[in-house]
Amino acid sequence: MFSLQDQTILITGASAGIGAACARLLAQAGGRLILTARRTDRLEALAAELEQTPCHLLTLDVRDKAQVAEALGRLPAPWQTVDILINNAGLSRGMNKLQEGEVTDWDEMIDTNIKGLLYVTRAIVPGMVTRGRGHVVNLGSLAGHQTYPGGNVYCASKAAVRAISEGLKQDLLGTPIRVTSVDPGLVETDFSRVRFKGDEARAAKVYQGLTPLTAEDIAEVILYCVTRPAHMNINEILLMPTAQSGSTLVHRQY
Ligand code: NAP
């Protein structure tokens with residue numbers, strides 16, 4: 001097992017899916033965790049499960065600029081030195097054609113996936129620069145590389161994450177801070193349930209007839225990225241299930 005002994009790791013969207021899987025795996029690797037999301041009850045359950053791991057829980061809506069600045073600017077003393085930031089909180093809403101899209105869905109995706117990620121990064125990275133130590137991992141997506149029909153604004157939000165990761169890497173040149181974008185294809189989590197607003201049947205269809213990636217697969221990739229030697233930066237990892245070869249190319253067996 002790679003070691004993250006005593007490193008302080010902040011995960012946004014730790015209440016479910018990829019974020020929760022990262023919490024479990026990075027805890028096993030010895031990390032101390034700042035777990036953030038809106039659903040506090042889920043964070044509490046996760047922290048109880050990780051009983052041997054020091055955890056600090058923060059109820060945080062990454063869309064709320066003032067809340068992010070306040071909560072992350074006033075972390076309790078033992079939690080102020082974040083070594084690894086995992087910008088994972090994100091979602092898709094709807095799959096309408098753009099000309100038929102719901103403006104509130106667009107706002108939610110842009111406010112969470114782009115602006116929320118920026119607010120959290122802005123609050124945490126200056127401390128990393130001052131301390132001369134840190135790693136930012138952004139959850140991008142295959143959707144940020146290839147737009148698919150109905151994906152319009154979600155894909156745009158993940159293309160923005162890709163540009164932000166590239167820009168942050170450039171802006172941190174000359175510091176030891178590392179930046180990685182992890183860009184998965186189909187991962188079975190609550191993602192499609194959220195996208196289709198609780199329509200379980202429609203969500204299940206997304207993964208039917210193929211073996212999707214799991215949240216644990218993505219956590220393993222992230223653990224790999226954050227345990228490389230200090231001179232090595234994994235800029236971007238694009239990964240997908242074997243049964244997928246592009247945003248719209250999926251092989252299903254029924
Ligand atoms: P998920 O199971 O639905 O988890 C999403 C997480 O984001 C939840 O913990 C949720 O927590 C949090 N979140 C959403 N809005 C938030 C907000 N405003 N403030 C704070 N936290 C918020 O989905 P997932 O698949 O693990 O998604 C994690 C990331 O991976 C996302 O950025 C997603 O775009 C990306 N991704 C997923 C896939 C996939 O196929 N699943 C593929 C590529 C990329 P609360 O609701 O408790 O706040």
Side-chain angles (χ1 to χ4, degrees), residues 10-25 34-46 57-65 67-68 71-72 85-93 95 104-105 107-121 123 137-146 148 151 153-162 164-165 181-198 203-207 210-219 221-222 236-241 243-244 246-247 250:
L10 192 158
I11 305 173
T12 66
S15 60
I18 295 168
C22 284
R24 292 189 179 97
L25 191 66
I34 304 175
L35 303 175
T36 81
R38 293 165 301 179
R39 287 171 291 177
T40 315
D41 53 335
R42 284 181 168 239
L43 296 180
E44 285 168 353
L46 183 58
L57 309 186
L58 265 186
T59 306
L60 193 65
D61 184 335
V62 296
R63 294 172 298 178
D64 186 333
K65 187 170 24 181
Q67 194 192 25
V68 169
L72 299 184
L85 164 62
I86 303 182
N87 273 319
N88 163 76
L91 80 173
S92 63
R93 284 287 195 201
M95 234 178 138
T104 50
D105 289 346
D107 285 342
E108 198 175 359
M109 290 186 279
I110 291 168
D111 290 350
T112 309
N113 301 357
I114 308 177
K115 293 168 73 180
L117 179 144
L118 285 170
Y119 300 152
V120 174
T121 304
V137 178
N138 291 333
L139 261 294
S141 173
L142 172 60
H145 297 251
Q146 300 171 11
Y148 49 87
V153 175
Y154 177 69
C155 297
S157 76
K158 290 300 182 178
V161 171
R162 204 173 165 208
I164 290 165
S165 299
S181 184
V182 175
D183 301 354
L186 288 171
V187 189
E188 189 164 11
T189 60
D190 287 341
F191 180 84
S192 294
R193 241 171 256 132
V194 171
R195 163 166 259 170
F196 300 125
K197 302 173 184 173
K205 274 198 181 140
V206 174
Y207 311 106
L210 63 90
T211 305
L213 295 171
T214 65
E216 291 72 26
D217 294 329
I218 310 308
V221 168
I222 292 172
E236 185 174 271
I237 289 200
L238 178 64
L239 71 159
M240 56 188 92
Q244 181 174 27
S247 276
V250 173

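Just so you know, residue 1 is the first one in the sequence shown, and it goes up from there. Read the numbers this way: they start at 1 and go in the same order the structure lists the ligands and their atoms.
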Touching ligand 1 at all, [X]? Heavy atoms, strictly under 4.0 Å?
| X | answer |
| --- | --- |
| R42 | no |
| K158 | yes |
| G140 | yes |
| P184 | yes |
| A20 | no |
| T12 | no |

Side-chain donor-acceptor pair under 3.5 Å between S15 and R42, yes or no?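 Their side chains do not contain a donor-acceptor pair, so the 3.5 Å distance test is not met.
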Can T214 and D217 be counted as having a side-chain donor-acceptor contact under 3.5 angstrom?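 Indeed, the side chains of T214 and D217 share at least one donor-acceptor pair under 3.5 Å.
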Among all residues two or more places apart in sequence or in another chain, which pass the salt bridge (charged side-chain N to carboxylate O under 4.0 Å, His left out) test with R193?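 Per chain and number, R193 pairs via salt bridge (charged side-chain N to carboxylate O under 4.0 Å, His left out) with D190, E200.
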Relative to ligand 1, is D183 under 4.0 angstrom through side chain, backbone, both or neither, heavy atoms considered?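 For D183, no heavy atom sits under 4.0 Å from ligand 1.
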Using a 4.0 Å heavy-atom cut-off, say whether T112 meets ligand 1 through its side chain, its backbone, both or neither.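 Side chain only.
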From the candidates [options], the one that places a heavy atom nearest [atom]:
| atom | options | value |
| --- | --- | --- |
| atom 19 (N) of ligand 1 | D41, L239, V62, L142 | V62 |
| atom 2 (O) of ligand 1 | I11, I218, D190, V194 | D190 |
| atom 31 (C) of ligand 1 | V182, V120, N88 | N88 |

Have a look at K115 and tell me which of L117, T112, D111, N113 forms a side-chain contact (heavy atoms from CB on, under 4.5 Å) with it.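 Exactly one candidate clears the test, D111.
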T40 side, atom OG1; L57 side, atom CG - distance, nearest 0.5 Å: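 Here the rounded value is 8.0 Å.
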Give, for atom OG1 of T189 and atom CG of L213, the distance between the pair rounded to the nearest 0.5 Å.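 Output value for this atom pair is 10.5 Å.
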Which residue holds the protein heavy atom closest to [atom], what is that atom called, and what is the gap in Å?
| atom | result |
| --- | --- |
| atom 42 (C) of ligand 1 | G185 O, 3.2 Å |
| atom 15 (N) of ligand 1 | R38 NH2, 3.1 Å |
| atom 21 (N) of ligand 1 | A89 CB, 3.5 Å |
| atom 34 (O) of ligand 1 | Y154 OH, 2.8 Å |
| atom 23 (O) of ligand 1 | T189 OG1, 3.5 Å |
| atom 8 (C) of ligand 1 | S15 OG, 3.6 Å |
| atom 20 (C) of ligand 1 | L60 O, 3.3 Å |
| atom 5 (C) of ligand 1 | G90 O, 3.7 Å |

Determine the minimum heavy-atom distance between [X] and [Y], stating which atoms define it.
| X | Y | result |
| --- | --- | --- |
| S165 | S181 | OG-CB, 3.7 Å |
| P184 | G140 | CD-O, 3.7 Å |
| A215 | V187 | N-CG1, 3.7 Å |

So, regarding [X] and ligand 1 (criterion: nitrogen or oxygen to nitrogen or oxygen, under 3.5 Å), is there a contact or not?
| X | answer |
| --- | --- |
| I18 | yes |
| A37 | no |
| Y207 | no |

Check for a donor-acceptor pair, side chain of [X] on one end and backbone N or O of [Y] on the other, with a separation under 3.5 Å.
| X | Y | result |
| --- | --- | --- |
| D183 | L142 | no |
| R195 | L91 | no |
| Q244 | L186 | yes |

Counting from 1, what ligand 1 atoms have a heavy atom of [X] closer than 4.0 Å?
| X | result |
| --- | --- |
| G17 | 2 (O), 26 (O) |
| V187 | 39 (C), 40 (O), 41 (N) |
| D61 | 17 (C), 18 (N), 19 (N) |

Counting neighbours of NZ on K197 that are heavy atoms of other residues, nucleotides or ligands and sit closer than 6.0 Å, is the number greater than 12?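 More than 12 heavy atoms, drawn from other residues, nucleotides or ligands, come within 6.0 Å of this atom.
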Qualifying residues under side-chain contact (heavy atoms from CB on, under 4.5 Å), relative to I237, sequence neighbours excluded: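 With neighbours one apart ignored, the set is V221, C225, I234, L239.
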Please report the C-alpha distance between R24 and E216 in whole Å, then the side-chain angles of each, then the deciding distance to 0.1 Å, and finally whether the salt bridge (Lys or Arg N to Asp or Glu O under 4.0 Å) criterion is met. CA-CA 9 Å; R24 292 189 179 97; E216 291 72 26; 5.1 Å; no
